[in-house]
Each structure stands twice: as structure tokens, then as C-alpha cells.
Q: 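Dropping a structure here in C-alpha cells format, bear with me for questions.
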Protein chains: 2
Amino acid sequence: MTIYDIAKQLNVSPATVSKVINNYPDVSVKTREKVQNFLKEINFHPNAQAQSLSTKKSWMIGVVYYEETGVGLSHPYFSAIIDSFKKSVEAEGYSIHFGSKNSRLMNDNYLDYFRYRNVDGIVVFCTDQNDKQTWQMIESDIPVVVIDMKIDGATTITSDNELGCRMAIDYLVGLGHRKIAHIAGCRGNNWASQVRERGFIEAMTQNQLPILPGFIQYGQDFTFESGYQAMKLLLANSERPTAVFSASDLMAAAAIEAINDAGLRVPEDISVIGFDDIELAKFLKPKLTTIRQNTAELGKNAAKLLVKHIDKIQTEVDFVVPVEFIERQSCKKI
Amino acid sequence: MTIYDIAKQLNVSPATVSKVINNYPDVSVKTREKVQNFLKEINFHPNAQAQSLSTKKSWMIGVVYYEETGVGLSHPYFSAIIDSFKKSVEAEGYSIHFGSKNSRLMNDNYLDYFRYRNVDGIVVFCTDQNDKQTWQMIESDIPVVVIDMKIDGATTITSDNELGCRMAIDYLVGLGHRKIAHIAGCRGNNWASQVRERGFIEAMTQNQLPILPGFIQYGQDFTFESGYQAMKLLLANSERPTAVFSASDLMAAAAIEAINDAGLRVPEDISVIGFDDIELAKFLKPKLTTIRQNTAELGKNAAKLLVKHIDKIQTEVDFVVPVEFIERQSCKKI
DNA sequence: TTTTTTCTTGAAACCGATTTCGAAAACTGA
DNA sequence: TCAGTTTTCGAAATCGGTTTCAAGAAAAAA
């Protein structure tokens, strides 16, 4: 059933039907009601493709994330943000569509894909600063919002990582710790990882504490396994830390495991603090003290900013979402 | 840049350009190469909407899941399946598009939405058997695959829940347990919950063990909180179980917590076994023995079946994916 | 009542592809 | 060389909407 069929049935023109659907003012009340009733009756929904073709608006938001870094759909941090993002854009009339490198299209980058689909905007997740594809998208004419990374010239949303680091270190210092080590997310271009490492260093400096040699160890893409290795290195260090600040909860979990495996206990021997507050955190033994990223707000604001960007109301903002300190049981007074 | 522009540039007709793009045979080698080279040069991608409009094929797969039951995007079981599903359909040329009840469209059901978008197929997740919307979709002309539930007249994919239950109970029985209780997913129409409860009962019967009064307790949508309450009830029972088979890992985690809070220990006092093998399972103390659902296979086969369905190669299958027994440390010989 | 203004309406062009079908061009073979 | 085939090509219709604009109808002003 098309607007042509409807037009014929009602003895009006397709143009009129279209106008009713789109709430144009130049339709008389009588005609409008006649058409509206009929539309309701047959539960008419226009064809999205035809609509997009002529309006050049698809009401789709493209979503990309980078599987390579292991931060895929199944990472709880990511999926929580997407969940919230989805709800918010839907409230604005958009739907989300996942980017793909498609065998059929033989496209080797996401921008081409999104161009092909004519998405109205793109949200990019968790990537490194040198990623070519991310830059391609940012520099394109399609509105883009980047989550979890600041980039000049792009609209970005991030958690207040500096604050989070300060909270963590101040807390540990408050408990009397002075020998505090850091497990960084990775060595390389991951933005969050770099920022948290810098945040750690700054917070230590502000507390006039030295960072002992070997007290920063690097994970690999925030994974459990790499966190475990990093913690082992910290334990093998000549000086042993009394507290460890991990750049992610997953690595914190790994650290706890490594500490236990070394015959030591958390928090009695070593305090551990994480970052993220994924669901896992409260199931660890001991329950993990951590810095919570507000995934709901991140997703919601990403959506808001993107929609504004699409509507040309504003461009290029760095939006920072507050973090929250979550005290549980993995840290102890020294 | 459209095929018309290209046609003009190359002094051919739009029809010819289209034919080259779609590998029609009736184009001479010379012309074909001329066009192909140019397409490459300008990195041309046709307009998806225009294509869909004329071919009536959108190369999009609709995905629905039910937030109400808490089995949203952020549930690790769900997102792992989607992840695998996504990869498989992309290999076949499709992309995934999330269903939405959209403020703009004012649609109050997913079928209308998917009709509007002209998706080529739909995958439905985790619902109860009486869900009207699921039925609407199944009975529609759009190919549908349902994950995690069997329904007559629909193509479905499920884990081998019966086998999983048998494995769990046989294992516990092998360890000498006779007083085994079950925490069910929920009281109501959830398919997985019902099947596992039945599976529990059958496995107990096969082992000629009685199910003591009050030894089946119900959670609410598999949540932690409800699992905790259920376990508390089991502990308050006049006879105390020596082992608990939980219908999900999350509820098993809750059970462990409840047992500990009651001053008892797992597995020394009570053995606990879960279902799913989500990431969490290996982080619990003790590490959770559980039945692993093969999310990768579930997603992959859902994709395969759906594509076959779309291509009209086959319809209506109940595909069952094997489960795997994962022994960790939450169960002990009695 | 006539003129002017404001409301309604629909014909037609357009969005960017696909596909049919007839005709022209290029080959056959005699 | 010419009739008969086979290739190659493109005009035009189609998919299902939107939007402009001219014109007719109705209402308001004179």
C-alpha cells in the first residue's frame, strides 16, 4: 500500500496524502481528517527508503566500535553506553545502525559504508588517536561524536579521567599509602590509557609522592591476562607497592588474582583500586573499590550532542562527564 | 555523484553504469573496463536507499530484544551472541539494524518498524512465549529467527538446555549430593526458565532422587537480587540442600553471596552450579562451575539460518546448540 | 456585486538507483 | 554481399515518496 493507492481510494492526490503525513499546513481540516482516519485505519507507514531518497535524511545513526582493541559489543562498559545512547536517540526519532565492512560492498572503511547508507550522524567508540578511519569520519561532512577520546576539531565525550585519578590517589594517600603503583591500560595510542597514566602521575606529584622505579606497568588493551602479567612484574619489583591503581576494573581483577596467587592478600597486604565500575566489580572478593564512569550519562549526552550537531545547532564541543568514587572493600588503611 | 553523472562523464547511459555495477553480462569488455576504472577512481558507492527502493532488498537485518526482562544489550550473554551474529551476517553482505519504538514514527510495535525499514529478516531475542509482538513478527511475511526459545511454526535456535541440566545434576550426583535444590529463572512465561526447571526435575527423576518440598525457588528475570532472595528461602527451608543448581550464573553469584551472608561456605557447606558461563563466572570466589552456552555458535547459526530463510532455501527449523560443562571450584564431594 | 486576498489542491519534477525491451552494431556463414 | 545471429547499448518505466508552483475555490474586503 502506497500513498498512490491511498490517494486513489480517497479521491485526492498523492501530494495531499504526503502533506497530511508530514503535517503541512495547507490542507483543509476536512481533507486532513479524511486522510488521517484512513491512514490510521490501514495502519499505514511510509516507505523509509523512498522517504530518505527524496528528503536526504535517513533517520539512522551509524555506530562504530573497534573490535581490534577487544572493546567490542560484549564489553560491559561499551554496551552500557550504547544502551543509553540508543534510548536517547530513539527519543529524538533516530534508530541505530551498526557500521560494517561488508563483503558485498567490499568497502574497506566505515566512512564509505556510512556514506552508502546515508546515515545522519556517526558515533565512534573507543579508538586510538592515530586511527585513520576515525579521522576520515571526523573530517567528512557527516556529523560525528567520539566517545572516550578527545580529539581537536571533533565533538567528543569523555569521563573526567583526571578527577577520577585524583580521587583514587587522594583516597589511597588518605589511607596512609605512599608506595602506590599504577597498571596502565596499554603502551601506545589509547587515549584513556594515556590520560589515566598522566592523571596518576599528576595526582602523585600533587601529593608530593615519588613514583618509584618500575611502579608503572603496562597492560595490553586493558585485558585480564595483560593485567595479570603487569601485576606480576610489580610484585617482582625490588620495592613492593602497598597500593595499586589500575586503569580498568578488569585489570584490577587480574591484579587481585595475581596478588593472591603470590600468597598475598587484598587489601591486607596490598590495596587495589580500579576504574570503570563494571558489574564485575561488586562480585570480586574483596569487592572492588573503584571509580565509576557514568555510562548512562555518557550515552545520553553523546546522543544529545550528536543530534544538535545534526541539526546544526552546535559543533565541536568537548563534553566531560563526572565520575564517582565507589568505596568497597579492596583498600585498607596502612 | 550518481550513476547519471558518471554516465555523462563517460558517454554511456546510466543503464550501462548500473549494469557494470551489478555484473550484468551484456556489457562489452571495453565499456565494462572503462566504467569499472572510473568507479574505482572516484571510489563510487551507490545510494543504498535508491537501490533498496527499486530492488526491494535492503540488506539490513532487524534485531530486537526485550529490555523489560532485563536482558538488554548490556547482558553479556546477549551481547556475545549479537557480536557473533553480526560478524556472520556481515560475511553474507547484511548489516544489522536495531528495532525501535520510535517517537517520530509513533509505532507501538516492532513489526511496523521493520516493515517501514524494509528489513530483509529479523532476529528476536529472549522473549516469553506469549509475547504478542514476537508472534506478530513470526506470522508476518518477513523471515524471522528466534533465539533462546522454541515456538511452533518458527525457526528457532536454542542451547541444549536439557543436556545442560542433566550434566549439572549428574555431576552433583556423582559428587554424592542427594539433596539438590533449584533456583529457577522466574515464575512465568520465560521459556529458558521453564525448560531448565523441567530439565532439573527430569534429571532428578532419572537419578531417582526426590525433589524435597520447597526445593525449587523462583527468581525474577534471572536477576541478582531475586536470586539472593531465592537462596535465602532455600536456606530458611526446614531441610537444607547440599547443592544448588541455579538457572543462571548471575543468580548463582547471588546464591553464593547469600550463603556466605548466612555464615556458610561454598563449596564446603553447599555446592553451587550455574548456567551460562558469563565472564563473571571465573571471577567469583570460588570460581563458578557452570554450564557454558556457546554464544559464538548460537549467533553464527542464527545468522546462517536467517540468511537461508531469506533466500528461501529453508524454513522452520529448530536448531539446538550443544552446551559444555565447565568445572571450576564451586562444587565439592559431599 | 466585484475585486482582492487567502486557502486548497494536484500536476509534475525530482531523489538515485534497476530492469525491460527494442534497436543498432557487430559478428556469422553462405 | 547479404540475410541471420548474437552482442551491446540505452530510452523509458518503475520503485514510493517529497516539494514546488500554478491555478481554482473560497473567503474577505471594497
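Just so it is clear: chains get the letters A, B, ... in the order the sequence lines come, proteins before strands, and each one is counted from 1.
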Q: What integer distance in Å separates A/N118:CG from D/dG17:C1'?
A: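 Answer to the nearest Å: 15 Å.
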Q: Consider the side chain of B/K19, meaning its heavy atoms from C-beta on, and name the nucleotide among D/dC15, C/dT8, C/dT20 that approaches it most closely.
A: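 Of all the options, the side chain of B/K19 is nearest to C/dT20.
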Q: Does A/T55 reach a base, just sugar-phosphate, or nothing at all? Heavy atoms under 4.0 Å.
A: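 Counting heavy atoms under 4.0 Å across all strands, the contact made by A/T55 is with sugar-phosphate only.
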Q: Indicate yes or no: does B/K300 engage B/E297 in a salt bridge with an N to O separation below 4.0 Å.
A: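 B/E297 and B/K300: salt-bridged.
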Q: Rounded to the nearest angstrom, tell me the gap between atom CD in A/Q49 and atom C1' in D/dG16.
A: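 So the two atoms are 10 Å apart, to the nearest Å.
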Q: Can you identify which nucleotide, out of C/dT9, D/dG16, C/dG16, has its nearest atom closest to the A/V27 side chain?
A: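 Nearest listed nucleotide: C/dT9.
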Q: Just compare C/dT9, C/dG16, D/dT19 and give me whichever is closest to any side-chain atom of A/A15.
A: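 Shortest atom-to-atom distance from the side chain points to D/dT19.
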Q: Regarding B/N190 and B/D221, is there a side-chain donor-to-acceptor distance under 3.5 Å anywhere?
A: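 No pair is found: no donor N or O on one side chain lies under 3.5 Å from an acceptor on the other.
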Q: Considering only NZ, NE, NH1 and NH2 on the basic side and carboxylate oxygens on the acidic side, decide whether B/D108 and B/K101 come within less than 4.0 Å.
A: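 Between B/K101 and B/D108 there is no salt bridge, as every charged N stays at least 4.0 Å from the carboxylate O atoms.
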Q: Taking the basic N atoms (NZ, or NE/NH1/NH2) and the acidic carboxylate oxygens, is any pair closer than 4.0 Å for B/R115 and B/D141?
A: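 Between B/D141 and B/R115 there is a salt bridge, with a charged N closer than 4.0 Å to a carboxylate O.
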Q: State which of D/dG10, D/dG17, C/dT9 makes the closest approach to the side chain of A/T31.
A: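 Selected nucleotide (nearest to the side chain): C/dT9.
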Q: If you pin B/V12 and B/A50 to their nearest nucleotides in DNA chain D, which one's is more 5'?
A: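 The residue closer to the strand's 5' end, by nearest nucleotide, is B/V12.
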Q: Name the nucleic acid region contacted by B/Y116, choosing base, sugar-phosphate or nothing; use a 4.0 angstrom heavy-atom cut-off, strictly under.
A: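 No contact.
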Q: Which nucleotide sits closest to the side chain of B/S13: D/dA11, D/dG17, C/dT18?
A: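 Between D/dA11, D/dG17, C/dT18, the one nearest the side chain of B/S13 would be D/dA11.
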Q: Report which part of the nucleic acid A/Y24 touches: base, sugar-phosphate, or nothing (heavy-atom distance under 4.0 Å, all strands).
A: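 Sugar-phosphate, backbone atoms only, no base.
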Q: Quick one: A/N22 CG to D/dT19 C1', roughly how many Å, whole number?
A: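 From A/N22 CG to D/dT19 C1': 10 Å.
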Q: Under 4.0 Å between a side-chain N or O of A/S18 and OP1 or OP2 of D/dG17?
A: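 Negative; the distance criterion is not met.
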Q: Using a heavy-atom cut-off of under 4.0 Å over every strand shown, decide if A/V17 touches base, sugar-phosphate, or nothing.
A: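 Answer is nothing: A/V17 stays at 4.0 Å or more from every strand.
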Q: What's A/N47 touching, base or sugar-phosphate or nothing? Going by heavy atoms closer than 4.0 Å.
A: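 The residue A/N47 makes sugar-phosphate contact but no base contact.
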Q: Please tell me which of the listed nucleotides, C/dG16, C/dA17, D/dG17, lies nearest to the side chain of B/I3?
A: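 Between C/dG16, C/dA17, D/dG17, the one nearest the side chain of B/I3 would be C/dA17.
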Q: Counting just side-chain N and O atoms, does A/S54 come under 4.0 Å of either OP1 or OP2 of C/dC14?
A: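 The answer is no; no side-chain N or O of A/S54 sits under 4.0 Å from OP1 or OP2.
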Q: Which of these nucleotides, C/dC15, D/dG17, D/dC15, is closest to any side-chain atom of A/L53?
A: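 Minimum distance to the A/L53 side chain belongs to C/dC15.
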Q: OP1 or OP2 of D/dC9 less than 4.0 angstrom from a side-chain nitrogen or oxygen of B/S28, does that happen here?
A: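 So the side-chain polar atoms of B/S28 do come within 4.0 Å of the phosphate oxygens OP1 or OP2 of D/dC9, strictly under.
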